Engineer: 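Please read through the structure below; I'll follow up with questions.
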Amino acid sequence: MSLQGEKTRNLYKQAEKVIPYGVNSNFRYWGADDTMVITKGKGAYIWDVDDNRYIDYRLAFGPIILGHAYPSVIERVQEAIKDGTLFAWTTPLEIKVAERIVRMCNVDKVRLTNTGTEATMHALRIARAYTGREKFIKFEGQYHGMADYFMYSTASSPKSALGSRRNPIPAAVTSGIPSEISKYVIVLPFNDFERLEETVEAKWGDLAAIFVEPLLGNMAGIMPKAGYLEKIRELCTKYGIVMVMDEVKTGFRIAKGGAQEYFGVQGDLVTYAKSLGNGFPIAAIAGKEKVMMTIEPGGVAHGGTYTGNVVGTAAADATLEILEKQPIHEHLYSCGKILRDGIDQILTQAGIPHHMTGLPPIFGYVLGTNEPPTDFRAYADGDDQLYEKIVFALIQRGVMPDADGREPWFLCYSHDEQIIQETLTIFEDAVDDVKKKL
Ligand SMILES: Cc1ncc(COP(=O)(O)O)c(C=O)c1O
């Protein structure tokens, strides 16, 4: 059965005529019968063209931290853009936002960008310039954006392409990358202390950076093992490697100061996007003074016509003000915990083997593995098909997480206990229905 109602189907067909596969990002393509067309969002809800309402847990892949069309953010943007949107000069708003990020995230300096990809791309350049080295480590299953260098061994790679655990192969996840690029990328399984230490000790002279998603926001929210981020920090300090905490998904979400605050580990560089602007396009690279100051005229180039534009910056100003002053995270954790525990209980009662992952504001569950997965190879042994069946049953009942279990469930400030209870009732019904049809 298709997820599309009649109007959605017709509009999607129209989209396909002018937009490849009818979507502006491959990640949004669920097939010709199930790709949605959405007309509006408000708070915790979105509506499709057929006017079906969904409780939204995709939240646009994470940015919507407060809620869709959150009034005070929208108003701040509307007010600010009355005086223009772009000047190619510094604005007072940019200074205010940078000061907030410095204060909230315990970093020295900040440069704004528009997307997470721009932030990680620049972070890699800065790290290379700072160290005079060219290669970097990334972990299997982690995603750092669309730039060529990062499109290896993400959660989109088939497990069979990864090579042996002892000697992993960087597996390209897109056509169109020059073959030479892979020689700069060293991939490792996450949470494997031994492989990390051996690799850094053998190759540190070539290593500019270690990129890490501190909690695996693109792989069901799998957590770092105790001491793993600290180990990365220790090795980076010992061998003069730049530790890049990619907080595009965790930043401002799992704590006011993101994963650096939550785990108590500071990167040399940090990348932010998503929750920074509650759905407006804004991102940032931040970090330690000595590393960030390699950005200089005649030194490391960073820029872009739209960096620091008034639309995104005003949204960040309003969003961060709320995140800094109001008990948003307490709410995300309390509602998220009820939902996460409730799902855990329903799956247990239904006799479906599973493991819960992540933290209440960004969590997941993996079906059908014996052990709790701690890396992508173990995650890939899970039962994706059952996961998707349950999600389709949820969507047909008005609850929308992503159909792909690699993408976590996201909470926002507009989810409340009543919405969570409604979700759990629907979840129980969806699981019952799927079980009957198995
Ligand atoms: C951890 C991480 N880094 C980088 C990116 C890229 O960000 P963007 O899609 O804004 O380019 C993403 C996007 O999902 C991400 O999750």
Side-chain angles (χ1 to χ4, degrees), residues 23-29 57-65 111-127 136-157 173-174 185 187 190 209-224 229 232 243-254 258-260 262-263 267 269-287 304 306-307 309 311-312 315-316 319 357-359 361-364 376 402 404-410:
V23 287
N24 276 308
S25 161
N26 287 12
F27 294 124
R28 299 177 199 162
Y29 181 65
Y57 293 101
R58 288 171 84 237
L59 297 178
F61 297 142
I64 311 298
I65 184 96
R111 275 279 179 105
L112 296 179
T113 65
N114 301 296
T115 67
T117 299
E118 281 177 55
T120 53
M121 234 172 60
H122 282 99
L124 181 56
R125 181 183 293 154
I126 296 167
F136 71 101
I137 289 177
K138 82 170 279 296
F139 297 98
E140 290 170 354
Q142 303 211 349
Y143 178 67
H144 302 293
M146 280 283 170
D148 285 357
Y149 285 109
F150 301 120
M151 293 295 274
Y152 290 93
S153 304
T154 67
S156 304
S157 308
V173 283
T174 171
V185 187
V187 287
F190 189 59
I210 300 182
F211 272 70
V212 63
E213 268 190 89
L215 168 167
L216 305 200
N218 291 282
M219 210 169 54
I222 288 173
M223 296 287 280
L229 297 175
I232 298 176
M243 179 175 180
V244 183
M245 293 271 253
D246 184 354
E247 292 229 47
V248 163
K249 274 193 172 160
T250 52
F252 308 104
R253 174 166 281 285
I254 64 171
Q260 295 201 120
Y262 185 89
F263 294 110
L269 290 177
V270 204
T271 49
Y272 298 107
K274 309 234 178 200
S275 302
L276 177 54
N278 195 49
F280 283 86
I282 175 116
I285 325 160
Y306 297 102
T307 49
N309 72 78
V311 177
T319 306
T357 49
L359 295 170
I362 169 173
F363 72 86
F376 177 53
D402 203 81
D404 186 333
R406 293 169 291 193
E407 189 63 22
W409 290 52
F410 292 100

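The first residue in the sequence is number 1, and the count goes up from there. These figures come from a predicted structure and were not determined experimentally. Just so you know, ligand 1 is whichever comes first in the structure, and atom 1 is the first atom listed for that ligand.
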Engineer: Within the structure, does Thr120 bring an N/O atom to less than 3.5 angstrom of an N/O atom in ligand 1?
Structural biologist: no
Engineer: Go through ligand 1 atom by atom and flag the ones less than 4.0 Å from a non-hydrogen atom of Lys249.
Structural biologist: 16 (O)
Engineer: Identify, for atom 4 (C) of ligand 1, the protein heavy atom at the shortest distance, and state residue, atom and that distance.
Structural biologist: His144 C, 3.4 Å
Engineer: Select one of side chain, backbone, both or neither to describe which atoms of Glu213 lie under 4.0 Å from any atom of ligand 1, heavy atoms only.
Structural biologist: side chain
Engineer: I need the nearest protein heavy-atom contact for atom 3 (N) of ligand 1: residue, atom name and distance, please.
Structural biologist: Asp246 OD2, 2.7 Å
Engineer: I need the Asp246 CG to Phe139 CZ distance, nearest 0.5 Å.
Structural biologist: 12.0 Å
Engineer: Could you give the distance from OH (Tyr29) to CG (Asn24), rounded to the nearest 0.5 Å?
Structural biologist: 14.5 Å
Engineer: Under a 3.5 Å threshold, yes or no: a donor from one side chain and an acceptor from the other, between Asn218 and Glu213?
Structural biologist: yes
Engineer: For Thr117, is at least one N or O under 3.5 Å away from an N or O on ligand 1?
Structural biologist: yes
Engineer: I'd like to know if Glu118 and Arg111 make a salt bridge, using a cut-off of under 4.0 Å between side-chain N and carboxylate O.
Structural biologist: no
Engineer: Note the single closest protein heavy atom to atom 15 (C) of ligand 1, along with its residue, its atom name and the distance in Å.
Structural biologist: Val248 CG1, 3.5 Å
Engineer: Can we call the ring centroids of Phe61 and Tyr143 under 6.0 Å apart?
Structural biologist: no
Engineer: Check whether any side-chain heavy atom of Val244 sits under 4.5 Å from a side-chain heavy atom of Leu124, and report yes or no.
Structural biologist: no
Engineer: Answer with yes or no whether Met146 contacts ligand 1, where contact means a heavy atom under 4.0 Å from a ligand atom.
Structural biologist: no
Engineer: With rounding to the nearest 0.5 angstrom, report the CE to CG distance, Met243 to Leu269.
Structural biologist: 11.0 Å
Engineer: For atom 8 (P) of ligand 1, grab the closest protein heavy atom and report residue, atom and distance to one decimal in Å.
Structural biologist: Gly116 N, 3.5 Å
Engineer: Tell me which part of Phe61 gets within contact of ligand 1: side chain, backbone, both or neither, using heavy atoms under 4.0 Å.
Structural biologist: neither
Engineer: Is it the case that ligand 1 has an N or O less than 3.5 angstrom from some N or O of Lys274?
Structural biologist: yes
Engineer: Between Phe150 and Phe136, is the gap from one ring center to the other below 6.0 Å?
Structural biologist: yes
Engineer: Below a 4.0 angstrom heavy-atom separation, can you tell me which part of Asn218, side chain or backbone, both or neither, approaches ligand 1?
Structural biologist: side chain
Engineer: What atoms of ligand 1 come within less than 4.0 Å of a heavy atom belonging to Thr115?
Structural biologist: 10 (O), 11 (O)
Engineer: In terms of residue, atom name and distance, what is the protein heavy atom nearest to atom 2 (C) of ligand 1?
Structural biologist: Tyr143 O, 3.2 Å
Engineer: Working to the nearest 0.5 Å, report the span between NZ of Lys249 and CG of Leu216.
Structural biologist: 10.5 Å
